[in-house]
A.B. asks: 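Can you keep this structure in mind? I'll have questions shortly.
Order of listing sets the numbers, starting from 1, for every ligand and every atom in it.
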Amino acid sequence: MSTLVEQLEALGREATAALAEAKTTPETEAWYSEYLGRKGKMTGLLRGLGQLPAEERPAVGKAANEIKVALEAVLQERQAALAQAEMEAALAAEGIDVTMPGRRPQMGKLHPTNQTLREACTILTHMGFQIFDSAEVETDELNFELLNFPPDHPARDMQDTFFTTKKDVILRTHTSPGQIHAMRQYAPEPIRVILPGKVYRKEDVTARSEMMFYQIEGLAVGRNITFSDLKGTLLNFANQMYGDGRKSRFRKSYFPFTEPSVEVDVDCILCGGKGCRVCKYSGWLEILGAGMVHPIVLKNGGYDPTVYSGFAFGMGIERQAMLKRGVDDIRYFYSNDVRFLERL
Ligand code: PHE
């Protein structure tokens with residue numbers, strides 16, 4: 001049987017090997033209790049000291065002390081090394097690498113409707129039209145009656161209306177009531193204004209129509225304004241907006257507030273004129289209504305129709321955004337799908 005000193009030496013070697021396995025500071029603390037603590041293995045072995053003859057005890061005590069001191073030194077070294085490694089790891093984890101490429105801030109951009117609206121406004125303001133602001137909530141009188149839609153006039157059916165709970169107060173179905181506001185503000189001065197804004201119609205939502213959309217109204221009033229001025233203005237607009245090569249056509253039409261009235265179509269870019277659901281299989285997409293301001297409307301605006309004449313037009317913006325940007329369904333515009341908004 002081995003002597004107590006031999007057992008102590010064996011324990012020293014075991015403890016040294018075990019300490020090398022400790023990977024964290026708490027593990028070294030557990031190691032300390034296991035070998036050197038009050039209830040540890042070293043204390044356990046030294047309990048046998050009492051059974052030894054008195055003359056052998058000092059040698060054993062000395063050996064035990066040396067082993068303990070040696071183990072404590074190794075422990076200190078190990079703990080210092082671990083503390084260093086743990087600090088380095090923490091620094092590396094929290095540290096900022098200033099050589100890494102930065103993260104690009106996400107840039108917002110204008111909604112495709114707004115982009116198109118601004119393009120159209122830019123072309124028109126460069127022609128000399130001024131922007132005139134006009135409200136989205138109107139009276140029946142301004143939206144219809146003063147524009148020569150008598151009550152019960154069948155042309156009211158062209159524009160199904162959202163009513164409010166207040167009698168005769170409605171959401172404007174077109175930007176044309178702005179014509180009256182502008183004329184009443186400026187008469188008898190000549191006018192050249194555009195009115196961009198939202199309009200509302202109680203329509204079935206389909207690939208080509210929404211309940212809310214944007215229009216730009218245009219109005220020119222003066223002493224010698226003719227249909228040629230209207231035609232020149234609109235052809236010039238279409239050429240700038242869609243490029244000189246694009247086909248457009250004037251088609252006779254009817255609006256109560258203009259006489260004569262026309263509609264302007266641009267050949268459908270979505271199908272190249274072959275016909276699709278957006279152009280209702282006609283190959284053409286209507287972008288605006290226009291005409292010479294009706295004498296009754298001039299009079300309602302404060303102009304003498306025997307002296308003054310004028311032209312007006314009203315263009316839909318989403319239709320044009322579809323044409324210019326190749327969108328085949330108007331519902332994309334206000335469904336807030338970021339994939340759509342990012343693409344355009
Ligand atoms: N207000 C008409 C519409 O919304 C368009 C239009 C405006 C027609 C001006 C002629 C003159 O359909």
A.B. asks: Could you check whether any side-chain N or O of Q320 sits under 3.5 Å from a backbone N or O of G316, counting only pairs where one atom can act as donor and the other as acceptor?
C.D. replies: yes
A.B. asks: Hey, do the aromatic rings of Y200 and F162 have their centres closer than 6.0 Å?
C.D. replies: no
A.B. asks: Determine, considering heavy atoms only, which of S253, G289, S261, G218 sits nearest to atom 6 (C) of ligand 1.
C.D. replies: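 Nearest option to atom 6 (C) of ligand 1, by heavy atoms: G289.
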A.B. asks: Give a yes or no answer on whether the side chain of T206 reaches the backbone of R208 with a donor-acceptor pair at less than 3.5 Å.
C.D. replies: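 Such a contact is found between T206 side chain and R208 backbone.
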A.B. asks: Which atoms from ligand 1 have a heavy atom of Q159 less than 4.0 Å away?
C.D. replies: 3 (C), 4 (O), 12 (O)
A.B. asks: Which one of M315, R172, R201 has a non-hydrogen atom at the shortest distance from atom 4 (O) of ligand 1?
C.D. replies: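 Minimum heavy-atom distance to atom 4 (O) of ligand 1 goes to R201.
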A.B. asks: Would you please determine whether Q215 falls within less than 4.0 Å of ligand 1 on a heavy-atom basis?
C.D. replies: yes
A.B. asks: Just going by heavy-atom distances, which of F213, Y254, F311, F257 is nearest to atom 11 (C) of ligand 1?
C.D. replies: F257
A.B. asks: Got a donor-acceptor contact below 3.5 angstrom from the E318 side chain to the Y214 backbone?
C.D. replies: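 Yes, E318 side chain to Y214 backbone: donor-acceptor pair under 3.5 Å.
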A.B. asks: Anything under 30° is parallel, anything over 60° is perpendicular, the rest tilted; go ahead and classify F149 against F144.
C.D. replies: perpendicular
A.B. asks: Has ligand 1 got any nitrogen or oxygen that is less than 3.5 angstrom from a nitrogen or oxygen of E217?
C.D. replies: no
A.B. asks: Are F255 and H174, when compared by the centres of their aromatic rings, separated by less than 6.0 Å?
C.D. replies: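 Ring-ring flag for F255/H174: false, centres at least 6.0 Å apart.
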A.B. asks: Under a 4.0 angstrom heavy-atom cut-off, which atoms of ligand 1 come close to S176?
C.D. replies: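 What qualifies from ligand 1 is 1 (N), 7 (C).
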A.B. asks: Which atoms of ligand 1 sit under 4.0 Å from any heavy atom of T258?
C.D. replies: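 Answer for ligand 1: 10 (C), 11 (C).
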A.B. asks: For atom 7 (C) of ligand 1, what is the closest protein heavy atom, and at what distance to 0.1 Å?
C.D. replies: G314 N, 3.3 Å
A.B. asks: Answer yes or no: are there more than 12 heavy-atom neighbours, outside Y332 itself, under 6.0 Å from its atom OH?
C.D. replies: no
